[in-house]
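Worksheet: one structure, shown below.
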Amino acid sequence: MKIQPAERVRQIPPYLFAEIDRKKRELRAKGVDLIDLGIGDPDIPTPRRVIARLIEAAQDPGNHRYPSYEGMLDFRQAVADWYQRRFSVSLDPEKEVLTLIGSKEGIAHIPLAFVDPGDYVLVPSPGYPVYRVATLFAGGIPHFMNLTRENGFLPNLSTISAQIAKKAKLLFINYPNNPTAAVAERPFFEEVVTFAKKHGIIVCHDAAYSEIAFDGYRPTSLMEVEGAKDVGIEFHSLSKTFNMTGWRIGFAVGNREIVGGLGKIKTNIDSGAFQAVQLAGIEALNGYGTETEEIIGIYTARRDLLVNGLRAAGLEVESPKATFYLWAKVPNGYTSAEFAALLLEKSGIVGTPGIGFGDAGEGYIRFALTVGEDHLREAVGRLKELKI
Ligand SMILES: *Cc1c(COP(=O)(O)O)cnc(C)c1O
């Protein structure tokens, strides 16, 4: 029997990092000491207080059974309390907050709740690949909004035709942004809310990096903007804020019908997040601030080290206000994939070519600040020798 993947799987664009992965394996096998700046996964451990709470909660048989679909009310209350403290936004924990098994899970499922086959979804390019793939899985058509340096890596909503806007159901945005490290201010979010209201589009804001910001900068929540709760949902994750990527816990907040719609899909697919993990999540959120300064200090030192090193090597890069990424321009004469291959082969440095995040990512390469200063210093030395 010939196993045929479904059309929705076949239409996923080819995996652009396959060639890099193959080269990585080959070089590792040869004993090359690779410096991997390719992966957005914090190397800093989860706070001890959170781990201690998990251990305690895991021993309680009351936590061994199926959790509730929408998440423990205590966890959702902790989310609402955190929003009040952090953004001065009030949320009803029962109707406006939903526990997620990591925010990727919620982002991947939301098109199933609101997108019919043939509907458009406005997707940033470059962008987190899940927005595009989740749209395709729901039978939707991604309409790409190019993020350009001239526009501060914000989408230019005025270039979206009335025809497309009319058929669009969802609009994905993500600030602080992966991969460009750009940030958005309140006027942008206001513009997005006005645009969404005019055309009847649901705004999905991915705020995974809202707490990874430097030099005293405090990113804005979409929910701070008047009217956002009429049209929007915001996705958050404990992954980046508390170094908990492996734990799979996140949450969505916002308009009760949108949150409820996502919840309805989830009740039919998963059976909720492990209660012990939610209890550890409550500990993380209630103690928010305990480790923030230390974590930000680590990323700030790494950011400065690599920004200076890249510039000294002749690469053009802005020093970001937020996220743990650097979005550097590829030198003239190279595509992003060619330059990533050169860095890997000649210097053993792994970066992610911008094209992997969408066509508009061409011309850039992303470096993640998720390795220690020693390795970054070594990377900077190798870059200098490369003589770009
Ligand atoms: C890391 C990341 C996420 C999701 O992380 P989870 O671990 O699934 O919560 C979502 N969006 C962006 C842009 C990310 O970089």
Side-chain angles (χ1 to χ4, degrees), residues 17 37-46 50 71 75 79 82 97-111 121-135 142 145 147 153-155 170-184 203-213 219 221-222 232-254 262 266 269-270 272-274 277-278 280-281 284-285 295 299 320 322-327 351-352 354 356-358 360-361 364 366-370:
F17 307 135
L37 310 179
I39 306 164
D41 187 356
D43 58 316
I44 308 165
T46 304
V50 178
F75 178 79
V79 169
W82 181 72
V97 182
L98 183 66
T99 303
L100 299 174
I101 308 170
S103 62
K104 179 179 183 181
E105 179 263 301
I107 292 164
H109 281 141
I110 195 157
V121 173
L122 304 174
V123 174
S125 172
Y128 186 56
V130 184
Y131 314 138
R132 176 188 62 192
V133 172
T135 298
M145 308 180 289
L147 310 184
F153 297 110
L154 301 172
L170 304 179
L171 183 161
F172 280 104
I173 47 173
N174 161 223
Y175 294 96
N177 185 257
N178 176 9
T180 70
V183 296
V203 180
C204 305
H205 183 225
D206 178 354
Y209 295 93
S210 70
E211 307 315 309
I212 310 294
S221 160
L222 168 72
I233 182 167
E234 189 158 69
F235 294 91
H236 276 269
S237 172
L238 278 73
S239 289
K240 316 291 162 61
T241 307
F242 301 103
N243 304 316
M244 293 174 70
T245 49
W247 296 57
R248 312 315 303 134
I249 180 96
F251 52 93
V253 308
L262 174 58
K266 283 174 55 57
I269 292 182
D270 66 65
F274 182 26
V277 169
Q278 293 189 66
L285 288 167
I295 295 169
Y299 288 134
T323 78
F324 45 59
Y325 300 111
L326 300 186
W327 187 239
T352 310
F357 299 101
Y364 289 87
R366 191 194 73 177
F367 297 108
L369 303 169
T370 46

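The residues of the chain are indexed from 1 along the displayed sequence. Atoms within each ligand, like the ligands themselves, are counted from 1 in listed order.
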Min N/O separation Thr245 to ligand 1 under 3.5 Å: no
Flag, side chain of His109 to backbone of Leu262, donor-acceptor distance under 3.5 Å: no
Heavy atom of the protein closest to atom 4 (C) of ligand 1 (residue, atom name, distance): Ser103 OG, 3.1 Å
Ring centroid separation Tyr209 to Phe324 under 6.0 Å: yes
Heavy-atom nearest neighbour in the protein, as seen from atom 14 (C) of ligand 1, with distance rounded to 0.1 Å: Lys240 NZ, 3.2 Å
Any Arg248 heavy atom less than 4.0 Å from ligand 1: yes
Sub-4.0 Å heavy-atom approach of Gly250 to ligand 1: no
Option set Pro42, Pro176, Ser239, criterion heavy-atom distance to atom 6 (P) of ligand 1, minimum: Ser239
Intermediate values then yes/no, salt bridge (charged side-chain N to carboxylate O under 4.0 Å, His left out), Glu105 and Arg248: CA-CA 9 Å; Glu105 179 263 301; Arg248 312 315 303 134; over 6 Å; no
Tyr131 vs Val121, side-chain contact (heavy atoms from CB on, under 4.5 Å): CA-CA, chis, key distance, verdict: CA-CA 9 Å; Tyr131 314 138; Val121 173; over 6 Å; no
Under 3.5 Å donor-acceptor, Thr370 side chain and Ile39 backbone: yes
Side chain, backbone, both or neither: Asn174 near ligand 1, heavy atoms under 4.0 Å: side chain
Student check: side-chain heavy atoms of Thr323 and Lys240 closer than 4.5 Å: no
N or O contact, Tyr131 vs ligand 1, cut-off under 3.5 Å: no
Atoms in ligand 1 with a heavy atom of Tyr209 nearer than 4.0 Å: 1 (C), 13 (C), 14 (C), 15 (O)
Numbered atoms and elements of ligand 1 in range of Gly102, under 4.0 angstrom, heavy atoms: 8 (O), 9 (O)
Parallel, tilted or perpendicular: ring planes of Phe153 versus Tyr364, cut at 30 and 60 degrees: perpendicular
Side-chain (Gln278) to main-chain (Ala273) donor-acceptor, under 3.5 angstrom: yes
Minimum-distance protein heavy atom relative to atom 13 (C) of ligand 1: Asp206 OD2, 3.3 Å
Ligand 1 N/O within reach of Asn178 N/O, cut-off under 3.5 Å: yes
